[in-house]
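What follows is one structure encoded as structure tokens, with my remarks underneath.
Hydrogens, waters and symmetry mates are skipped; everything else that's a heavy atom, side chains included, is used.
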Amino acid sequence: MDSSGDQPADDGKQRERAQGESDNDTLKYSLLGPSLTKAGQDAVDQQKVSEVIYNASKGSKFFNREQERDRNLTVKIERIRKEKARLEQLDLSHDLRKVDEFLAELELTRDLSQHVIHVDCDAFFAAVEELDRPELKTVPMAVGKGVLTTCNYLARKFGIRSGMASFVAKKLCPQLVLLPQNYEKYTAKAKEIRAIMAEYDPLFESASIDEAYLNITSYCSENELDPEEAVQRMRAEILETTKVSVSAGIAANAKLAKIASNQNKPNGQFRIPNDREAIMEFMRHLPVRKVNGVGRVFERELESVGIKNCGDIYPQRALLTKLFGEKAFQFLAQCYLGLGRTKIQPVETYERKSVGTEATFHEIGDKEELRAKLWWTAQELEKDMARTQFKGRTLVLKVKLHTFEVLTRQTAPPRAVFQAKDLYDFALPMLAKLEKDIPGMKLRLLGLRCTHLVSTKKAGINFFGAAVQPKSNVSSAVHVNSEYDIGAEEAFEEAARQEVQDEMNELEKLSQEASDLPEETNPTTTTWDCPICARPQVADDRIFNDHVDFCLSRQTIREVVQDTTQGVAVPGRKRKTASQSGPEGDIRQKRLFFQ
DNA sequence: GCGGATCAC
DNA sequence: TATGGTGATCCGC
């Protein structure tokens with residue numbers, strides 16, 4: 001968007017930042033939200049938007065918390081500045097030499113032989129809604145209830161963005177049309193799109209419901225196509241068959257492709273040539289904020305040491321480790337050089353590290369009411385643990401106080417846990433201690449999460465790298481929960497399966513035990529809507545999943561390699577109709593500092 | 001290993 | 001009136 005730095009929005013921002021670090025300016029900038037750098041905001045007067053948001057928020061508990069965070073960050077930044085000034089008095093030649101050696105080594109890892117693309121659907125949720133109701137195309141519209149997950153480009157003209165509270169959005173644009181989220185609908189559309197992407201790279205990597213990475217090197221050579229032609233073709237095919245427009249970035253690695261896909265949004269594509277000088281030149285003028293992993297906080301910290309664009313990293317390179325740590329230094333070094341990973345692989349090959357659930361509610365101080373919420377949370381987590389087929393060796397309790405302050409407490413139960421009763425029993429002491437330590441504690445959120453997971457999956461037979469028969473969808477669908485893996489790691493996987501084999505019997509008892517739960521808390525009447533046929537189904541995990549698999553196999557539009565909708569690709573396969581998910585969120589998070 | 005903080009979507 | 005949920009990683013202790 002503003003790599004050339006010539007937008008009015010950017011000018012305004014710079015002016016605001018340059019006038020000094022007065023509490024208000026940085027706070028207002030922060031209140032603008034994390035998605036300021038997204039497309040569609042170019043022609044917006046951010047000063048004015050900032051005022052509206054500020055005035056709508058002022059005095060609220062949320063605002064006060066943001067203000068405190070901003071003050072803390074300002075203090076931290078002052079420390080960084082002082083530390084930098086101190087370091088600059090020292091002899092840094094040793095550090096400089098080591099850094100340059102590292103950069104030289106990094107340079108040797110540069111691989112310009114691959115064509116990686118990042119595909120990003122344009123205002124995905126809003127676009128899908130517009131397909132059903134074309135009249136929405138002509139009005140500012142957003143998806144999401146309390147907080148917006150997506151909005152169309154008409155809404156963006158008013159300064160509206162994802163992540164914004166809807167009452168604030170209404171202040172910016174009173175005629176804004178708000179739609180509830182319909183995750184199943186978006187999932188179905190995403191499946192259509194993925195079916196097409198699989199033609200171009202069967203091993204593509206879903207980054208979220210509306211984003212994916214592909215390595216199209218083979219496709220291009222086999223079809224004797226230029227990467228840009230191939231991407232033109234794929235985008236046209238997606239638009240033609242699914243009626244959803246996508247943007248794409250083409251580059252030598254995933255990091256660059258991701259940046260490039262934002263360059264010509266919406267419905268555009270951009271290529272960074274596989275050429276070292278072109279890449280370095282591109283990065284030199286690129287604001288660090290554009291890089292995945294640099295958020296509002298890191299942006300401010302970097303700015304305070306004179307790093308605004310990736311090119312500014314080089315002159316400061318000798319200081320970075322001491323100021324921000326080794327990982328951050330390595331990350332910035334890769335940003336400067338424009339390096340990133342070229343290996344694209346299905347998300348199913350990534351190992352899940354945690355399963356959790358959390359929910360916001362009206363302020364609660366009553367202890368009995370809090371216990372009821374905890375029990376409900378435990379039940380929700382049990383469902384997710386059953387669905388993902390894990391137990392947890394560690395249980396994490398998360399609370400958000402009425403002041404918006406977030407606390408977590410964790411414990412290691414004597415055995416791996418997954419049943420609601422266990423989750424509740426082991427979480428309750430943590431909650432009780434918090435109540436004891438914080439007199440008059442009032443909560444607005446409760447969450448539970450299991451980490452140090454132990455898989456309870458059956459030993460499967462489906463490996464992604466192996467020749468899986470697409471036709472076997474129906475029969476294999478029941479077993480698709482097996483972990484995929486490739487190469488040498490298969491041995492490890494096999495060992496892991498052996499380890500959990502003895503825990504299988506317990507899992508088998510899950511459904512029986514679930515029905516033994518107290519009557520008033522056992523949601524026997526709950527039903528789930530099938531995301532495919534939309535009919536309500538009983539809330540039993542296995543019956544539900546079997547039904548969905550049946551529906552999927554019947555309505556397969558194209559033969560996708562294996563089943564891209566399983567596992568992570570459709571994180572919310574089983575979702576309550578009304579449940580909220582993230583703004584096009586997913587259960588996997590990128591490795592921020594690792595390529 | 002724990003808890004806070006940051007980030008993505 | 002009112003500011004989300006899921007998952008990952010890093011840092012300081």
Original post:
Does the distance from a Lys or Arg side-chain N to an Asp or Glu carboxylate O, for A:Lys383 and A:Glu380, drop under 4.0 Å?
Top reply: yes
Original post:
Is NZ or CZ of A:Lys391 both nearer than 6.0 Å to the six-membered ring centre of A:Phe418 and within 45° of the ring axis?
Top reply: no
**OP:** State the dot-bracket string of DNA chain B. Criteria: Watson-Crick or G-U wobble, both atom distances under 3.5 angstrom; notation: ( ) intrastrand, [ ] crossing earlier pairs, | interstrand, . unpaired.
**Re:** |||||||||
Original post:
Quick one: on DNA chain C, does A:Ser354 or A:Val168 contact a more 5' nucleotide (nearest heavy atom)?
Top reply: A:Val168
Original post:
For residues 54-64 of chain A, which residues have at least one heavy atom under 4.0 Å from DNA chain C?
Top reply: A:Ser57, A:Ser60, A:Phe62
Original post:
Which part of the nucleic acid, if any, lies within reach of A:Ala412 when heavy atoms closer than 4.0 Å are counted: base, sugar-phosphate only, or nothing?
Top reply: nothing
**OP:** Answer yes if the side chains of A:Thr408 and A:Arg449 hold a donor-acceptor pair under 3.5 Å, and no otherwise.
**Re:** no
Original post:
Counting any heavy atom closer than 4.0 Å, what does A:Val396 reach on the DNA or RNA strands: base, sugar-phosphate only, or nothing?
Top reply: nothing
Subject >> Short side-chain donor-acceptor distance under 3.5 Å, A:Asp70 and A:Thr26 >> reply: yes
Subject >> Pair A:Ser245, A:Asp122: side-chain N/O donor-acceptor within cut-off below 3.5 Å >> reply: yes
Original post:
On a whole-Å scale, what distance lies between the P atoms belonging to B:dA8 and C:dT3?
Top reply: 24 Å
Original post:
Considering only heavy atoms from C-beta outward, does the side chain of A:Phe124 approach that of A:Glu211 to under 4.5 Å?
Top reply: no
